[in-house]
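Just so it is clear: chains get the letters A, B, ... in the order the sequence lines come, proteins before strands, and each one is counted from 1. Please read all numbers here as calculations on a predicted model, not as lab measurements.
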Amino acid sequence: MSQENRPARPSGRPPESGFARLTRTESSLRGPFLCFFASAVLWLVVSSVLALVAAVKLHRPDFLGACELTTYGRVVAAARDTFVYGWGFNALFAVNFWIMAQLGRFEFRNGWLATLGGATWNLALTYGVVQVVRGQLGGFALLDLPREVGPVLLLAFLLSALWSVVAYARRPGGQHFVSQWYIVGATFALPLVFLLAQLMVLWFPTVGTVQALAHAWFVQNLLFLWFGASALAAAYYFVPKILGRPLGHYYLAPVGFWTLFLFAGLGAPAALLGGPIPIWLQSVGVVASVLGIVPVVVLAINFFSTLSVDGGWGRSWNSTTLRFVAVGIVSFLLFGILAAVFSTRDLSATLAFTSFAEGQVQLLTYGASTMILFGASYFILPRLTGSLWPSTALVHVHFWSAFLGLLLAVGAALAGGWQAGHQPSAPSTPWALVGSVAAFLLLVGHVAFALNAFGMILSSTTPTSDGRSD
Amino acid sequence: MKNLNLLLAGVFFCVASVWTGLLVTAQVQLGSLGRAPAEEGGPLFPAREPGLAIQGRAVYLDLGCVACHTQQVRPAGQGSDIARGYGVRPSVARDYVLQPQVLLGQRRVGPDLANYGARAKSDAELAAFLAAPAAGVNHPPYAFLTAERSAALVAYLKSLRQDYSSPEAKLKQ
């Protein structure tokens, strides 16, 4: 489709590529992208090993029990921090920026700044995780890195991620697409939230349980507005692009965007139902969590109407990228439904403090965001490296290990949590065993992915900016 | 949505309004809470932690105990915490005003510890349990703890009590 024939109204589909200028765009961000992506994959493998150790310790507490460094509390904190801050942030820096550069025709002339930001991020995180394993950890999940790491991470985030906003500001012609709103919103909201949470919990701690409320607000925003929004941006980009048709009911996309950004943070007190915070706050959290079904419905309409026509699901299954992205979309919708339904007082009363909430979070961070990031990697890497994936077998190992690992991990967490809530005296060991098997499968999948990805990166040819057709 | 400034302003409004509505108002409501007497003229609660317990809190954080233990007792209509013996009354915000870092926790692999001091074993039994839990108990062994750290951790655990009346949660007589 040439520029002259492009319709004036937003078309529910990202603009077509195929111009030499777009190839120059990809060339300009190749270096930073590969740096972020390589770090992300390494962190993913590290976090998978830590997660496996933690999963085994849940049913065999004496596993590696003689060593203080492998105490369960430290290992699980390190696993969570490396997964979220190592894999999640690095991969999202890369993919978010790639999408924004593609949609905004952005030529990245200062790639070294983003690479510097990425190097700073990884160094600070490495220091923080080492300190966590040595016992210098805080009491709040995902805010348990030593507090001196926080300002460095914030600066590194701005260096690494702000280019997405620059790409939107400098896009030609004023056209916009839903993926851009989600990424700009996520990139702008996260440093604000991170800064305020660091101040209220770590640097100038508020009195008493307001700390817990600030922590819950931070985690809610991190999950929904960084992981969730970025995953949705990628899904909205790849589904119409690969299927070659516009999104269904695209006019609803702004409704989904604004309701997600408004209700996400408001639902934070639902994590503290029955806890030592005012009842009115808990009620606000429940109402906002239930209202969170609105963006979920919008997403379901957008994606299911696009995928359900013309053999879209079948075509998704046959496309490596869309296979992962489709799993991610379904996971996100399941997560949204569970979050809305299980935030009510009656259900929360029995399921609170069990593994049920962890299963829900894993459905979002792994089932949705990570699977969509995998799909994006299978689309982007061949273009940037000029290579093919070295081993098709490893691609299949990756998908099936990740998919089965996801099913088992989330299933065991939800079912085990349900049993623990309703029959507290029943043994939890069988579910913990299933969780260990799941963690092992996920590690296998991630190693397969890492081998394939690094094999491709190391054998890549430098792409030229002319002569490539898209 | 094509104007970047409007988009950023809208996102800022979403984040700022929620932060103000939830966190700032919570701070206004709870920020001035202080200790209170259980009965008129009586000692103030929560009680200040003894020095050894303060050191024990650092050991508790160091070992990541918050990953498996909560410190919040929910009211009778919201779970069975009181029926299970975790506490004699619900936890309230005032119970945490002296804690530099609140350790409410989010997961109970083990029991809640908010009122553990009221039902704890002797110091020696607790130290022995921490070093080598009985077979079949799903608790990691902390044999690597030195005697000083173990004693501090025991002192901290025994200082965890919420068995006093609070203006927001009076004990039933």
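Of all residues spanning residues 140-164 of chain B, those with a heavy atom less than 4.5 Å away from chain A's heavy atoms are Pro140(B), Pro141(B), Tyr142(B), Phe144(B), Arg149(B), arranged by number. Scanning residues 349-359 of chain A against chain B with a 4.5 Å heavy-atom cutoff picks out Ala349(A), Ala352(A), Phe353(A), Thr354(A), Ser355(A), Glu358(A), ordered by number.
Closest of all the heavy-atom pairs between Gln27(B) and Val207(A) is OE1-N, 4.3 Å. For Leu104(B) against Ala212(A), the heavy-atom pair with the smallest separation is CD1-CB, 3.5 Å. Contact record, Gly139(A) with Leu103(B): CA-CD2, 3.9 Å, taken as the closest heavy-atom pair. The shortest non-hydrogen separation linking Leu30(B) to Pro278(A) is CD1-CD, 3.9 Å. Minimum interatomic distance between Val102(B) and Gly208(A) (heavy atoms only, all atoms of both residues): CG2-O, 3.2 Å. Minimum heavy-atom separation, Tyr96(B) to Pro276(A): CE1-CG, 3.5 Å.
At a 4.5 Å heavy-atom cutoff, Ala77(A) makes no contact with chain B through either its backbone or its side chain. With a threshold of 4.5 angstrom between heavy atoms, Glu68(A) approaches chain B through its backbone and through its side chain. For Pro427(A), no part lies near chain B; criterion is any non-hydrogen pair under 4.5 Å. Of the two parts of Arg94(B), neither the backbone nor the side chain holds a non-hydrogen atom closer than 4.5 Å to a non-hydrogen atom of chain A. Heavy atoms closer than 4.5 Å to chain A are found in the backbone of Pro100(B), but not in its side chain. Heavy atoms closer than 4.5 Å to chain A are found in the backbone of Val92(B), but not in its side chain. Residue Cys65(B) does not touch chain A at all, counting heavy-atom pairs closer than 4.5 Å.
For the atom pair CG (Leu7(B)) and CZ (Phe188(A)), the distance works out to 9.5 Å, reported to the nearest 0.5 Å. Between atom CG of residue Leu23(B) and atom OG1 of residue Thr206(A) there is a gap of 8.0 Å, rounded to the nearest 0.5 Å. To the nearest 0.5 Å, the span separating CZ on Arg74(B) from CG on Leu273(A) amounts to 9.0 Å. Separating the CG atom in Leu22(B) from the CH2 atom in Trp217(A) is a distance of 9.0 Å, to the nearest 0.5 Å.
A donor-acceptor pair under 3.5 Å is formed between the side chain of Arg74(A) and the backbone N or O of Asp62(B).
Annotation: Arg48(B), atom CZ; neighbour count of heavy atoms from other residues, nucleotides and ligands within 6.0 Å does not exceed 12. Annotation: Arg134(A), atom CZ; neighbour count of heavy atoms from other residues, nucleotides and ligands within 6.0 Å does not exceed 12.
Gln78(B) is listed as a side-chain neighbour of Ser348(A), based on a closest heavy-atom distance under 4.5 Å. In this structure, the side chains of Phe257(A) and Val11(B) come closer than 4.5 Å at one or more pairs of heavy atoms. Contact annotation: the side chain of Thr209(A) never approaches that of Ser91(B) to less than 4.5 Å [non-hydrogen atoms, C-beta and beyond]. Between Leu137(A) and Leu61(B) there is no side-chain heavy-atom pair separated by less than 4.5 Å.
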Quick one: side chains of residues 54-63 of chain A, donor-acceptor pairs under 3.5 Å with protein atoms, not counting sequence neighbours, listed by atom name and distance.
residue: Lys57(A); atom: NZ; partner: Phe63(A); partner atom: O; Å: 2.8
residue: Lys57(A); atom: NZ; partner: Thr70(A); partner atom: O; Å: 3.0
residue: His59(A); atom: NE2; partner: Ser436(A); partner atom: OG; Å: 2.7

Table please: side-chain donor-acceptor pairs of residues 261-269 of chain A below 3.5 Å, with sequence neighbours left out.
none

- Show your reasoning for whether side-chain contact (heavy atoms from CB on, under 4.5 Å) applies to Gln29(B) and Trp280(A). CA-CA 11 Å; Gln29(B) 183 173 351; Trp280(A) 70 268; 2.8 Å; yes

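Comparing Asp95(B), Thr25(B), Asp81(B), Leu63(B) by heavy-atom pairs within less than 4.5 Å of chain A, the highest count is held by Leu63(B). Chain A forms the most heavy-atom pairs under 4.5 Å with one residue out of Ala67(B), Gly64(B), Cys14(B), and that residue is Cys14(B). In terms of heavy-atom pairs under 4.5 angstrom with chain B, the leader among Asp144(A), Leu196(A), Val165(A), Leu202(A) is Leu196(A). With chain A as the partner, the residue from Val15(B), Val59(B), Asn138(B) showing the most heavy-atom pairs under 4.5 Å is Asn138(B).
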